[in-house]
Chemist: 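Handing you a structure now.
Since this is a predicted model, take the numbers as computed values, not measurements. Note: hydrogens, waters and symmetry copies are ignored here, and every other heavy atom, side chains too, is used.
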Amino acid sequence: MKYHVAVLPGDGVGPDVVNEAIRALDAVGRRFGHDFKYEFGLIGGISIDKYGEALTRETLQMCSRCNAVLLGAVGGPKWDDPKAKVRPEDGLLAIRKALDLFANLRPVKMLPLMENSTSLKAEIVRGVDLLVVRELTGGLYFGKPKRRWKTKSGSRRAVDSMVYTEKEIARIIRTGFELALKRRKKLTSVDKANVLESSRLWRQIAQEIAAEYEQVKLDHMLVDTCAMRLIQNPAYFDVIVTENTFGDILTDEASLLSGSMGMLPSASLAGIPEGKNPRAFGLYEPIHGSAPDIAGQNLANPIATILSTAMMLRYSFGLGKEAAAVESAVLNVLEDGHRTKDIMSDGMKQAGTIEMGKLIEKRIEG
Ligand code: IPM
Ligand code: MG
């Protein structure tokens, strides 16, 4: 079977880690007899430099012709001028909206062998295995009105709007339920229903949809409580479903539970991953940023991006067995004591980006 993957390495360490992810996918292809074809494009700062835009129409069209998108990272100090007309992040927001990637899946898992590499106490993070399902194409990020103006009296004002339609809420809540069904069957819907009208609609729709998923236990939590609970008792959570901005903030917080940002993958899907072999179009990327200070130095941890390809195999190609092979290859290499610099500790063997990629490649090949 042939799979077309659009590859957007982006800026900073993006190209470093994406190379290793391709190495892993190719190893999956050899072992399981699949053919992965890659088409490359630019996004972020590198696209601004070449075309004056963070994402061109051609790149977008190339992505929509493919079966999935693999993305590295965008941004860097070179494009950070607050007065700049275009920013690398614009490319990310544009691709999410244009490809309708409404469901952002961010799994956070504490591997027992990483328990001592976090800033939190081992007994707090022990057993953490949660999945945040963040709505990605609505809310404050995209709601209208969104603008800045000067009032008659000359003072400045600005507005962003947290807008949600019933359809937008229903599809992300369903995504949360579907994913909870495949896990520990517990869904926490996070909102701010004590203050926000959009959250009250959110909560009501979550309650209505719950009737279709009797096997899943649904609870509602206010976002401020959730922020606290995440560091007080993170093992409480299975699947969290929440709107765009809340999800942005909570996932940065949750990422600290796993030891290193360099280990966390993500998927952004354009469909609800239903059934055993879901096949939604999706974009896959590590959750860490472009880390320009270590770009091109063979220092970045490729694991997050390699684990993102496992999510691609599972959610876009319906290849669950292949996805599990990538995940266990990563685990085995860690068990063998190999570490990139960001997760290095006493007695472990340090590996560069490329060495880590090659170790995982070998394990995938079996
Ligand atoms: C993320 C990032 C983005 C977001 C930025 C880079 C626009 O923080 O993916 O969480 O806010 O969604
Ligand atoms: Mg964020």
Chemist: Could you measure the distance from the CE atom of M114 to the CE atom of M263? Nearest 0.5 Å is fine.
Modeler: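 One gets 4.5 Å once the value is rounded to the nearest 0.5 Å.
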Chemist: More than 12 heavy atoms of other residues, nucleotides or ligands under 6.0 Å from NZ of K341: yes or no?
Modeler: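 Counting other residues, nucleotides and ligands, NZ of K341 stays at 12 neighbours or fewer.
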Chemist: Between the main-chain N or O of S316 and the side-chain N or O of N67, is there a donor-acceptor pair closer than 3.5 Å?
Modeler: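 No; zero donor-acceptor contacts below 3.5 Å.
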Chemist: side-chain contact (heavy atoms from CB on, under 4.5 Å) between K362 and K358: does it pass, once the steps are laid out?
Modeler: CA-CA 6 Å; K362 250 216 187 112; K358 287 186 170 167; over 6 Å; no
Chemist: Please report the interatomic distance CG(L269) to CG(L101), rounded to the nearest 0.5 Å.
Modeler: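 Taking CG in L269 and CG in L101, the distance rounds to 8.0 Å.
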Chemist: Any non-hydrogen side-chain atom of P107 less than 4.5 Å from a side-chain atom of L131?
Modeler: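 Touching, per the 4.5 Å side-chain cut-off.
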Chemist: How about K109: does its NZ atom have over 12 heavy atoms from other parts shown lying under 6.0 Å from it?
Modeler: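 Atom NZ in K109 is not packed in, count stays at 12 or less.
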Chemist: State, with a plain yes or no, whether a side-chain heavy atom of D342 is found less than 4.5 Å away from one of H288.
Modeler: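 Sidechains of H288 and D342: no contact.
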Chemist: Strictly below 4.0 Å, N to O, side chains only: are R183 and D129 in salt-bridge contact?
Modeler: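 D129 and R183: salt-bridged.
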Chemist: Sequence neighbours excluded, which residues qualify as side-chain hydrogen bond (donor to acceptor under 3.5 Å, both in side chains) partners of K78?
Modeler: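 Once residues adjacent in sequence are excluded, the partners of K78 under the side-chain hydrogen bond (donor to acceptor under 3.5 Å, both in side chains) criterion are D49.
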Chemist: Backbone N or O of I364 within a donor-acceptor pair of the R31 side chain at under 3.5 Å?
Modeler: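 Judged by distance alone, yes, a pair lies under 3.5 Å.
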Chemist: Taking the side chain as everything from C-beta on, heavy atoms only, tell me whether S47 gets closer than 4.5 Å to L55.
Modeler: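 Side-chain contact under 4.5 Å: no.
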Chemist: For V190 versus W202, what's the shortest heavy-atom pair and its separation?
Modeler: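 Residues V190 and W202, closest heavy atoms: O-NE1, 4.0 Å.
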Chemist: Minimum heavy-atom separation for A300 and V17, please, with both atom names.
Modeler: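 Heavy atoms only, the tightest pair is CB-CG1, 3.9 Å.
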Chemist: Using the side-chain contact (heavy atoms from CB on, under 4.5 Å) rule, take E365 and R30 through it: C-alpha gap first, then chi angles, then the decisive distance, then the call.
Modeler: CA-CA 7 Å; E365 283 172 336; R30 285 193 297 278; 2.5 Å; yes
Chemist: Does either side chain, that of D16 or that of T353, offer a donor lying less than 3.5 Å from an acceptor on the other one?
Modeler: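 No, because no side-chain N or O of D16 sits under 3.5 Å from a partner of the opposite role on T353.
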Chemist: Could you go through E197 and R200, starting from their C-alpha distance and side-chain angles, then the distance that decides it, and tell me whether this counts as salt bridge (charged side-chain N to carboxylate O under 4.0 Å, His left out)?
Modeler: CA-CA 5 Å; E197 202 53 51; R200 287 192 275 271; 2.9 Å; yes
Chemist: Would you mind listing every ring-ring contact (aromatic ring centres under 6.0 Å, His included) that reaches into residues 259-283, with sequence neighbours excluded?
Modeler: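 Qualifying pairs, neighbours excluded: none.
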Chemist: How long is the straight-line distance from OG1 of T245 back to CE of M162, given to the nearest 0.5 Å?
Modeler: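 Here the interatomic distance stands at 5.0 Å.
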Chemist: Looking only at side-chain N and O atoms, does D191 offer a donor or acceptor that is under 3.5 Å from a partner on S199?
Modeler: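 Checked: S199/D191 side chains show no N/O donor-acceptor pair below 3.5 Å.
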Chemist: Taking only residues at least two apart or on different chains, which pairs with a member in residues 321-365 satisfy ring-ring contact (aromatic ring centres under 6.0 Å, His included)?
Modeler: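 Those involving residues 321-365 do not exist here.
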Chemist: Taking ring pair (Phe, Tyr, Trp, His ring centres under 6.0 Å) as the test, write out the residues that go with Y3, two or more places apart.
Modeler: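 In terms of ring pair (Phe, Tyr, Trp, His ring centres under 6.0 Å), with neighbours along the sequence ignored, Y3 is linked to H34, F36, F317.
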Chemist: If you compare all heavy atoms of I343 against all heavy atoms of S260, which two are closest, and at what distance to 0.1 Å?
Modeler: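 Distance-wise, the nearest heavy atoms are CG2-CB, 3.4 Å.
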Chemist: Would you compute the distance between atom CZ of R106 and atom CG of D252 and round it to the nearest 0.5 angstrom?
Modeler: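 Result: 7.5 Å between the selected atoms.
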Chemist: With a 6.0 Å cut-off (strictly less than), is the heavy-atom count around NZ of K167, excluding the residue itself, greater than 12?
Modeler: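 Count not over threshold, so no.
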Chemist: According to a 4.5 Å side-chain heavy-atom criterion applied to Ile, Leu, Val, Met, Phe, Trp and Tyr, with indirect links allowed, do L25 and L71 form part of one hydrophobic cluster?
Modeler: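 In one cluster: no.
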Chemist: I need the minimum non-hydrogen distance between P273 and T175, along with the two atoms involved.
Modeler: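 Nearest pair, atom of P273 first, then T175: CD-CG2, 3.7 Å.
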Chemist: Tell me the ring-ring contact (aromatic ring centres under 6.0 Å, His included) pairs involving residues 212-250, sequence neighbours left out?
Modeler: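 Listed by first then second residue: F177-Y213.
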Chemist: Run the side-chain contact (heavy atoms from CB on, under 4.5 Å) test on I303 and T340 for me, step by step, so that the C-alpha distance in whole Å, both residues' side-chain angles and the decisive distance to 0.1 Å come before the verdict.
Modeler: CA-CA 9 Å; I303 291 181; T340 43; 5.5 Å; no
Chemist: Is the shortest side-chain N to carboxylate O distance from K192 to D224 below 4.0 Å?
Modeler: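 A salt bridge links K192 with D224.
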Chemist: Considering residues at least two apart in sequence or located in another chain, which fulfil the side-chain hydrogen bond (donor to acceptor under 3.5 Å, both in side chains) criterion with R96?
Modeler: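 Here no residue qualifies.
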Chemist: Give every residue pair that meets the side-chain hydrogen bond (donor to acceptor under 3.5 Å, both in side chains) criterion with at least one member in residues 268-279, sequence neighbours excluded.
Modeler: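 For residues 268-279, and leaving out neighbouring residues, the side-chain hydrogen bond (donor to acceptor under 3.5 Å, both in side chains) pairs sorted by first residue read N104-S268.
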Chemist: Which residues pass the side-chain hydrogen bond (donor to acceptor under 3.5 Å, both in side chains) test with T56, sequence neighbours left out?
Modeler: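 In terms of side-chain hydrogen bond (donor to acceptor under 3.5 Å, both in side chains), with neighbours along the sequence ignored, T56 is linked to T59.
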Chemist: Is there a path from L179 to L283 through hydrophobic residues (I, L, V, M, F, W, Y) whose side chains come within less than 4.5 Å of each other?
Modeler: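 Hydrophobic grouping puts L179 apart from L283.
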Chemist: Quick test of your reading: applying side-chain hydrogen bond (donor to acceptor under 3.5 Å, both in side chains), list the pairs with at least one residue in residues 152-163, sequence neighbours left out, ordered by first then second residue.
Modeler: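 Listed once each, the pairs are K146-D160, T151-S153, T151-S155.
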Chemist: S189 and L218: which non-hydrogen atoms are nearest, and at how many Å?
Modeler: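 Closest heavy-atom pair between S189 and L218: CB-CD1, 4.0 Å.
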Chemist: Kindly indicate whether the side chain of I46, heavy atoms from C-beta on, has any atom under 4.5 Å from the side chain of Y51.
Modeler: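 No, side chains not in contact.
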Chemist: Give, for atom CG of L313 and atom OG of S308, the distance between the pair rounded to the nearest 0.5 Å.
Modeler: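 So the CG of L313 and the OG of S308 are separated by 11.0 Å.
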Chemist: Could you check I272 against F102 for side-chain contact (heavy atoms from CB on, under 4.5 Å), going step by step and ending with a plain yes or no?
Modeler: CA-CA 9 Å; I272 301 174; F102 68 88; 4.1 Å; yes
Chemist: Could you tell me whether the side chain of L181 reaches within less than 4.5 Å of the side chain of V216, counting heavy atoms only?
Modeler: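 V216 vs L181: side chains touch.
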Chemist: Distance-only, no hydrogens or angles: does the R339 side chain make a donor-acceptor pair with backbone N or O of L334 under 3.5 Å?
Modeler: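 Looks like yes, one N/O pair under 3.5 Å.
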Chemist: What distance do I231 atom CD1 and K121 atom NZ have between them, rounded to the nearest 0.5 Å?
Modeler: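 So the CD1 of I231 and the NZ of K121 are separated by 11.0 Å.
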Chemist: Between D238 (side chain) and R184 (backbone), is there a donor-acceptor pair under 3.5 Å?
Modeler: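 Looks like yes, one N/O pair under 3.5 Å.
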Chemist: Can you sort out the partners of N233 under side-chain hydrogen bond (donor to acceptor under 3.5 Å, both in side chains), two or more places apart, ordered by chain and number?
Modeler: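 For N233 there are no side-chain hydrogen bond (donor to acceptor under 3.5 Å, both in side chains) partners, ignoring immediate neighbours.
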Chemist: Taking K97's backbone N and O only, do any of them form a donor-acceptor pair with T137's side chain (distance below 3.5 Å, no angle check)?
Modeler: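 No, T137 side chain to K97 backbone: no donor-acceptor pair under 3.5 Å.
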Chemist: N244: which residues meet the side-chain contact (heavy atoms from CB on, under 4.5 Å) condition with it, sequence neighbours left out?
Modeler: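 side-chain contact (heavy atoms from CB on, under 4.5 Å) list for N244, sorted by chain: R134, E135, L136, Y141, F142, Y164.
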Chemist: Any side-chain heavy atom of P292 sitting closer than 4.5 Å to one from D11?
Modeler: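 No, side chains not in contact.
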Chemist: Taking atom CZ as the centre, does R147 end up with more than 12 heavy-atom neighbours from other residues, nucleotides or ligands that are less than 6.0 angstrom away?
Modeler: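 For R147, atom CZ is crowded (more than 12 foreign heavy atoms under 6.0 Å).
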Chemist: Decide yes or no for L70 and I22: does some side-chain heavy atom of the first lie under 4.5 Å from some side-chain heavy atom of the second?
Modeler: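 A side-chain contact under 4.5 Å exists here.
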Chemist: Between D100 and R171, is any pair of side-chain heavy atoms under 4.5 Å apart?
Modeler: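 They are in contact (side-chain heavy atoms under 4.5 Å apart), so the answer is yes.
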Chemist: Which residue pairs pass the side-chain hydrogen bond (donor to acceptor under 3.5 Å, both in side chains) test with at least one member in residues 325-335, sequence neighbours excluded?
Modeler: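 Qualifying pairs: R314-E327.
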Chemist: For E123, does the CD atom have more than 12 heavy-atom neighbours from other residues, nucleotides or ligands under 6.0 Å away?
Modeler: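 Result for CD/E123: enclosed.
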Chemist: Looking only at heavy atoms, what is the nearest atom pair of T305 and A21, with distance?
Modeler: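 So the two residues come closest at CG2-CB, 3.7 Å.
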